[in-house]
Amino acid sequence: MLSGRSEAGLRGQASRLLTRIETDSTRAVVDDVAQVGRSLVAAGAANEYRAVVLGHERGELLAGVRALAEGRAAPNVTSGRATKQARAQARPVFVFPGQGTQWAGMAVELLDGSPAFAAAVRDCAQALEPYLDWTLEDVLRDAPDSPPLDRVDVVQPVLFSMMVSLARMWRRFGVEPRAVVGHSQGEIAAAHVAGALSLADASRIVALRSQALTAIRGRGEMLTVMAPVDQVRAMLTEWDGALSVAAVNGPATVTVSGDVAAMTEFGAKLRAEGMMRWRVPGVDFAAHSAHVEDLRQPLLDLASEVRPAHTDVPFHSTVTGERIDTAGLDAEYWYRNLRQEVRFDTAVRSLIAEGRTVFVECSAQPVLSVGMQDIAEELGRPVTPMATLRKEDGGLGRFLAALAEAYVNGVEVNWTAAFE
């Protein structure tokens, strides 16, 4: 971790470090790269111009430092400018997406490489255990005889565990959320991370309601359309009652939900008009549609014992589109969360209006960044959406790269945790 008061100052820091390492006759500095990292973290002030060099061994780290000293880009170097204004606004919003971020093996590298992440997953597994007839880690590792990840009653608890565990990782490095926002089932993780729901209550909701959803499997589908919501609503009048808007994720990103036959016809119309669209991965039911009304009483019953608490971490609801008191996250709220249209765009607009500029998706891959960026551009208010993991890139190196991106954008990071 290096920083300077100017670009030249940052390059100078890198150059001096490189010289010291290359001229160290004892090789103590050269060989103990972890000690070099610890010393820089302990001694270095977090100035405006910042850079982080990541690597598995000495040669890779030295190559990154050399590139930084010479003003060249390198794949293992993250650099940026954290202005005073950016630092004042940089405590991030934690964003928790709904279904669709899953990919095979998404947790394996972190389970093997990060004891803190593995411990968080074990805590989730213990909280979920009373409601499952399968083992969380078996599914994450695709163990023999484990159920498939494309089953709604499997994927939703698994993704909940991923989001909660990744949020705990950010916190381990000293990054606390300025606010939280969740999309559909992501609100359950958001409520827990904000402190509104205990892990036991949040696990009960996500496990039992995902099982309730199996009753409407096969009847519906969900389709994301790249078009303004008013245009999509006008097109859906042809299928009145059979299809409806399920979520508005940005100025030109809308999810539609409803009957399979009607969705096939709607998809054909979109194709004929050359409009970009894709099915929500692994979804064979119609959440946020009239289909959910068949589940109203079971959904109310399963959340009837939940006791939400007030929290000081702002919770921006995608049911109402506004910040709400988390003490109101009762059984009726969680039914509305699954039945009503997801107003993610409205919630993000309210966050940006409050001055929030940094958004971190706590998920296995980013799926909401495009919508957030489009909203910000429409408002003329620049924001920085960031991913935690990416598809096929889910190890500790990727997580440290996410921390580095946050750090160079002004977020305060406790880098000492990287050396524990």
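For the single chain, residues carry numbers from 1 onward in sequence order. Predicted, not measured: the structure shown is a model, and the values here were computed from it.
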Which heavy atom of M222 sits nearest a heavy atom of A246, and at what distance? CE-CB, 3.9 Å
Nearest 0.5 Å please: distance from the CG atom of L18 over to the CZ atom of R11. 14.5 Å
Consider only side-chain N and O atoms of N337 and E187, and report whether a donor and an acceptor are under 3.5 Å apart. yes
Are Q99 and Q185 close enough, and set up right, to give a side-chain hydrogen bond (donor to acceptor under 3.5 Å, both in side chains), and what steps lead you there? CA-CA 7 Å; Q99 196 166 329; Q185 78 151 61; over 6 Å; no
Please tell me if the side chains of Q102 and V158 come closer than 4.5 Å, counting only heavy atoms from C-beta onward. no
Non-hydrogen atoms of A286 and H291 that approach each other most closely: CB-ND1, 3.6 Å
Rounded to the nearest 0.5 Å, what separation is found between the NE2 atom of H316 and the CG atom of L351? 4.0 Å
Is the side chain of T326 donor-acceptor paired with the backbone N or O of A309 at a distance under 3.5 Å, no angle test? yes
Using atom types as modelled and distance alone, determine if a side-chain donor or acceptor of R279 lies under 3.5 Å from a backbone N or O of V283. yes
Taking the side chain as every heavy atom from C-beta outward, state whether R307 and D330 have any atom pair closer than 4.5 Å. no
Crowding at CD, Q85 (>12 non-hydrogen neighbours, <6.0 Å): no
Take D153 and R217, measure what salt bridge (charged side-chain N to carboxylate O under 4.0 Å, His left out) needs, and give me the verdict at the end. CA-CA 11 Å; D153 57 324; R217 286 187 66 191; 5.1 Å; no
Walk me through it: do E129 and L136 pass the test side chain to side chain contact (heavy atoms under 4.5 Å, CB included)? CA-CA 8 Å; E129 186 178 15; L136 178 60; over 6 Å; no
Decide if the gap between the ring center of F160 and the ring center of F96 is smaller than 6.0 angstrom. no
Sole candidate of T346, V348, V342 that passes side-chain contact (heavy atoms from CB on, under 4.5 Å) when paired with T318: V342
Under 3.5 Å, side chain of S257 to main-chain N/O of A287, donor-acceptor pair present? yes
Would you name the heavy atoms of N409 and A82 that are closest together and state the gap between them? C-CB, 4.2 Å
Strictly distance-based, threshold 3.5 Å: is any side-chain N or O of T253 a donor or acceptor partner for the main-chain N or O of G250? no
Above 12 or not: heavy atoms from other molecules or residues under 6.0 Å from CD of E392? yes
Can you tell me if R398 uses its side chain to pair, donor with acceptor, with the backbone of T388 under 3.5 Å? yes
Indicate the ring-plane relationship of F266 and W239, choosing parallel, tilted or perpendicular according to the 30° and 60° boundaries. perpendicular
With the side chain counted from C-beta on, respond yes when L132 and Q211 share a heavy-atom pair under 4.5 Å apart, and no when they do not. yes
Of all the heavy-atom pairs spanning Y333 and S317, show the shortest one and how long it is. OH-OG, 2.7 Å
Got a donor-acceptor contact below 3.5 angstrom from the S146 side chain to the D142 backbone? no
Taking only Lys NZ, Arg NE, NH1 and NH2, and the carboxylate oxygens of Asp or Glu, determine whether E137 and R122 approach each other closer than 4.0 Å. no
Chi angles and distances behind the side chain to side chain contact (heavy atoms under 4.5 Å, CB included) call for L128, S203: CA-CA 5 Å; L128 288 164; S203 297; 3.7 Å; yes
Cation-aromatic face contact R5/Y49, 6.0 Å, 45 degrees: no
Could you tell me which non-hydrogen atom of E361 sits nearest to which non-hydrogen atom of V367, and how far apart they are? OE1-N, 3.1 Å
Counting only pairs under 3.5 Å, give me each side-chain donor-acceptor contact of residues 412-420, with atom names and distances, residues two or more places apart or in other chains.
{"from": "N414", "atom 1": "OD1", "to": "T416", "atom 2": "N", "distance (Å)": "3.3"}
{"from": "N414", "atom 1": "OD1", "to": "T416", "atom 2": "OG1", "distance (Å)": "2.4"}
{"from": "N414", "atom 1": "ND2", "to": "T416", "atom 2": "OG1", "distance (Å)": "3.4"}
{"from": "E420", "atom 1": "OE1", "to": "R172", "atom 2": "NH2", "distance (Å)": "3.4"}

Polar contact flag, side-chain donor to acceptor under 3.5 angstrom, Q35-S39: yes
With a 4.0 Å cut-off, would you call R349 and E378 a salt bridge? yes
S114 (side chain) donor-acceptor with L110 (main chain) under 3.5 angstrom: no
To the nearest 0.5 Å, how far apart are CD in E332 and CZ in R336? 6.5 Å
Does R50 make a cation-pi contact with Y407 (under 6.0 Å, within 45 degrees of the axis)? yes
Run S198 and H192 through side-chain hydrogen bond (donor to acceptor under 3.5 Å, both in side chains) and show every step you take. CA-CA 6 Å; S198 67; H192 167 64; over 6 Å; no
Looking at W103 and Q365, what are the two nearest heavy atoms and their distance? CD1-NE2, 4.1 Å
Could you check if a side-chain atom of V319 sits within less than 4.5 angstrom of a side-chain atom of R343, using non-hydrogen atoms only? no
CG (L40) and CE (M1) are apart, to the nearest 0.5 Å, by 7.0 Å
Gap separating the CG atom of D284 from the CG atom of D150, nearest 0.5 angstrom: 8.0 Å
Show the numbers, then the answer: is there a side chain to side chain contact (heavy atoms under 4.5 Å, CB included) between M162 and S363? CA-CA 7 Å; M162 284 292 298; S363 63; over 6 Å; no
For the pair R168 and E176, find out whether any cationic side-chain nitrogen is under 4.0 Å from an anionic carboxylate oxygen. no
Is there a side-chain contact between F117 and L396, using heavy atoms and a 4.5 Å cut-off? no
If only atom types and distance count, is the side chain of D374 paired as donor or acceptor with the main-chain N or O of P251 below 3.5 Å? no
Out of the candidates V254, D345, T255, only one should pair with N249 under the side-chain contact (heavy atoms from CB on, under 4.5 Å) rule; please name it. T255
Is E377 atom CD crowded by more than 12 heavy atoms from other residues, nucleotides or ligands, each under 6.0 Å away? yes
Mutual orientation of the aromatic rings belonging to F94 and W170 [parallel < 30°, tilted 30-60°, perpendicular > 60°]: tilted
Evaluate the side chain to side chain contact (heavy atoms under 4.5 Å, CB included) criterion for residues I375 and L379: first the C-alpha distance (whole Å), next the side-chain angles of each, then the deciding distance (0.1 Å), finally the verdict. CA-CA 6 Å; I375 292 167; L379 295 174; 4.0 Å; yes
Flag side-chain contact, heavy atom, 4.5 Å: M235 against E273: yes
Polar side-chain atom of T78 near backbone of V52 as donor-acceptor pair, under 3.5 Å: no
Side chain of E57, backbone of E60: donor and acceptor closer than 3.5 Å? yes
Side-chain contact test, heavy atoms from C-beta onward, threshold under 4.5 Å: evaluate it for P97 versus M163 and give yes or no. yes
With side chains defined as the heavy atoms from C-beta onward, is the minimum distance between D123 and L199 less than 4.5 Å? yes
How long is the gap from CG on L389 to CD on E109, to the nearest 0.5 Å? 9.5 Å
